[in-house]
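Heads up: the structure comes next, in structure tokens.
Here is how names work: the chains are called A, B, and so on, in the same order as the sequence lines, proteins then strands, and each is numbered from 1.
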2 protein chains.
Amino acid sequence: MGGKKTRITNHIRRIRLARTDLTQAELARCVGATRQTIISIEGQKYAPSLELAFRIAHTLGEPIEEVFTFDPSGLEI
Amino acid sequence: MGGKKTRITNHIRRIRLARTDLTQAELARCVGATRQTIISIEGQKYAPSLELAFRIAHTLGEPIEEVFTFDPSGLEI
DNA sequence: AACAAATGTAAAGTATTTTTTACATCACTT
DNA sequence: AAGTGATGTAAAAAATACTTTACATTTGTT
């Protein structure tokens with residue numbers, strides 16, 4: 001119900017604004033997703049699929065690990 | 001119906017056998033997934049979530065981009 | 001041969017991600 | 001003030017990832 005709190009954090013917005021002048025809609029089009037998807041991910045509502053993560057990182061010109069960070073706290077309890 | 005052909009390829013099995021002596025079941029336990037999930041991913045049935053991808057790469061001691069490669073052919077048509 | 005460990009297949013159910021659609025707000029320009 | 005572009009919310013439906021359970025195959029060992 002409450003969703004399962006992904007331990008992934010993304011820095012899409014910061015990088016998008018710092019390194020590109022893409023709007024959310026343009027980024028969405030570039031990566032083949034919808035604007036709504038970008039909004040939800042930027043708002044940390046959920047983590048993207050691996051494929052979408054690759055596309056976003058590639059479009060932003062950064063390695064995946066720069067755009068998405070993983071909090072490696074042990075296995076879920 | 002036939003699923004949407006993810007453009008992600010993974011090298012989990014090769015790396016798992018080369019760099020570790022983990023079984024599929026052990027890897028599954030390490031990353032908090034089931035054996036069935038590891039089997040399906042190793043068999044390229046589907047790509048893992050970004051979070052699971054991070055965990056697998058971390059457990060295998062390789063960066064994500066070594067374990068998973070993305071074929072960046074243009075947007076789907 | 002019998003047993004165990006590792007891998008594989010299958011199918012139904014749950015959870016999560018993505019799309020689609022519609023409408024709201026804010027900043028900027030004419 | 002009216003219009004446009006960028007961002008936001010919401011909610012239902014579709015697509016994809018993951019779990020659970022049960023059984024099959026292969027390989028190696030006693």
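Residue B:S49 has its side chain nearest to D:dA17 when only C:dT18, D:dT7, D:dA17 are considered. Closest approach to the A:Q24 side chain among C:dT18, D:dA17, D:dG8 is made by D:dG8 (side chain taken as heavy atoms from C-beta onward). Comparing C:dA6, D:dT19, C:dT19 by their closest approach to the side chain of B:T34 singles out D:dT19. Residue B:Y46 places its side chain closer to D:dC18 than to any other of D:dC18, C:dT7, D:dT7. Among the nucleotides C:dA10, C:dG8, D:dA11, the one closest to the side chain of B:R35 is C:dG8. The nucleotide whose nearest atom lies closest to any side-chain atom of A:I39 is, among D:dG8, D:dT19, C:dG8, D:dG8. Comparing C:dT18, C:dC23, D:dT19 against the side chain of A:L52 picks out C:dT18 as the nearest.
For the pair A:L50 CG and C:dT18 P, the computed distance is 11 Å after rounding to whole Å. If you measure from atom CD of A:E26 to atom C1' of D:dG5, you get 10 Å, rounded to the nearest angstrom. Atom pair A:I38:CD1 and C:dT19:C1' shows a separation of 13 Å (rounding to whole Å applied). In this entry the distance linking CD of A:Q44 with C1' of D:dG8 reads 15 Å, nearest Å.
Among the heavy atoms of the strands lying under 4.0 Å from B:T37 is at least one base atom, whether or not backbone atoms are also near.
Note: A:I56 CD1 to A:I12 CD1 = 4.0 Å, rounded to the nearest 0.5 Å. The distance from the OG1 atom of A:T59 to the CZ atom of A:R19 is 11.5 Å, given to the nearest 0.5 Å. In this structure, B:I8 CD1 and B:F70 CZ are separated by 6.0 Å, a value rounded to the nearest 0.5 Å.
One N or O donor and one acceptor, one from the side chain of B:Q36 and one from the base of C:dT9, sit under 3.5 Å apart.
Put simply, B:R13 has a side-chain N or O that comes within less than 4.0 Å of OP1 or OP2 on C:dG8.
Side-chain contact between B:R16 and B:H11 is absent, with no heavy-atom pair separated by less than 4.5 Å.
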